[in-house]
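Structure first, then comments.
The sequence lines fix the lettering, A, B, ..., with proteins before strands; numbering per chain opens at 1. Everything quoted here is computed from the prediction, not taken from an experiment.
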Amino acid sequence: GDSVTQMEGPVTLSEEAFLTINCTYTATGYPSLFWYVQYPGEGLQLLLKATKADDKGSNKGFEATYRKETTSFHLEKGSVQVSDSAVYFCALSDMTGANSKLTFGKGITLSVRP
Amino acid sequence: EAGVAQSPRYKIIEKRQSVAFWCNPISGHATLYWYQQILGQGPKLLIQFQNNGVVDDSQLPKDRFSAERLKGVDSTLKIQPAKLEDSAVYLCASRLTTGGNTGELFFGEGSRLTVL
């Protein structure tokens, strides 16, 4: 079945540091890939997505590139801010239409120090 | 546009008691999901509805969990009787149904259940 593997956390960085969060996936078809973020006390919200190989999703300074050859979708940001402190989930969707659903990784907590 | 509404936000019960969670999706969203998020884990799909029909309930523990979406709008998830391992956040999400797999899921803030 489909699965998503995220690097172990938590991650603690200083403000303006470079961020990479690794994500790899296993899927039988041609999935769409997503990063969701959960800020403290809030619900999950979409950060970015990519729907086919070599696509790059980007939002709020975050980027991730869909790499079919390595089945990866690593999240990067050049300079993190304290406000980026949150839990980040990598996810995939491998079905179409009404059957479409998200399969999530375990999530990783990012803490950014001033 | 109003988001996905869930209630209650928090619930504490003793094991073997029952509990119900309610979800109102974004207006016009035909697809509704219930996910269970145990502390330290990613959300796991419990059940998926398309309008008032069940698309996938393969991971729903049907001996104790039930869910319905009678009029194809809001939905209720019930646990009876609850076990300690049911302590989790129950997330409701909705989506506009499209022909592909790229549609975004919109999540509510979740209902946190503690079973003592």
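More than 12 heavy atoms of other residues, nucleotides or ligands lie within 6.0 Å of CD in E69(A), so this atom counts as buried by the packing criterion. Shown here is K62(B), whose NZ atom has more than 12 heavy atoms of other residues, nucleotides or ligands within 6.0 Å. Within a 6.0 Å sphere centred on CG of L84(B), heavy atoms belonging to other residues, nucleotides or ligands number more than 12.
Residue contact with chain A, scored on non-hydrogen atoms closer than 4.5 Å, involves the side chain of Q37(B) exclusively. Contact of L105(B) with chain A is made through backbone and side chain together, with heavy-atom distances under 4.5 Å.
The contact list for residues 103-114 of chain A toward chain B, using heavy atoms and a distance under 4.5 Å, reads F104(A), G105(A), K106(A) by residue number. Heavy-atom neighbours of chain B within the stretch residues 53-62 of chain A, taken at a separation under 4.5 angstrom, are nonexistent.
When L33(A), L102(A), L92(A) are compared by the number of non-hydrogen pairs under 4.5 Å with chain B, L102(A) comes out ahead.
In terms of heavy-atom proximity, Q41(B) sits nearest to F89(A) at O-CE2, 4.1 Å.
Residues V37(A) and V4(A) share a single hydrophobic cluster, defined by chaining ILVMFWY side chains whose heavy atoms lie under 4.5 Å apart. By the rule that hydrophobic residues join a cluster once side-chain heavy atoms approach within less than 4.5 Å of another member, V55(B) and V73(B) end up as members of separate clusters. Using a 4.5 Å cut-off between side-chain heavy atoms of Ile, Leu, Val, Met, Phe, Trp and Tyr, with links allowed through other members, V89(B) and Y35(B) fall into the same hydrophobic cluster. Hydrophobic clustering of Ile, Leu, Val, Met, Phe, Trp and Tyr side chains at less than 4.5 Å, counting indirect connections, keeps I38(B) apart from L77(B). The hydrophobic cluster containing L46(A) does not contain L48(A), counting ILVMFWY residues as joined when their side-chain heavy atoms lie under 4.5 angstrom apart, directly or transitively.
The CG atom of L91(B) sits 7.0 Å away from atom CD of Q38(A), with the distance rounded to the nearest 0.5 Å. To the nearest 0.5 Å, atoms CD (Q45(A)) and CZ (F107(B)) are separated by 11.5 Å. In this structure, the separation between CD on E104(B) and OG on S32(A) is 12.5 Å, given to the nearest 0.5 Å.
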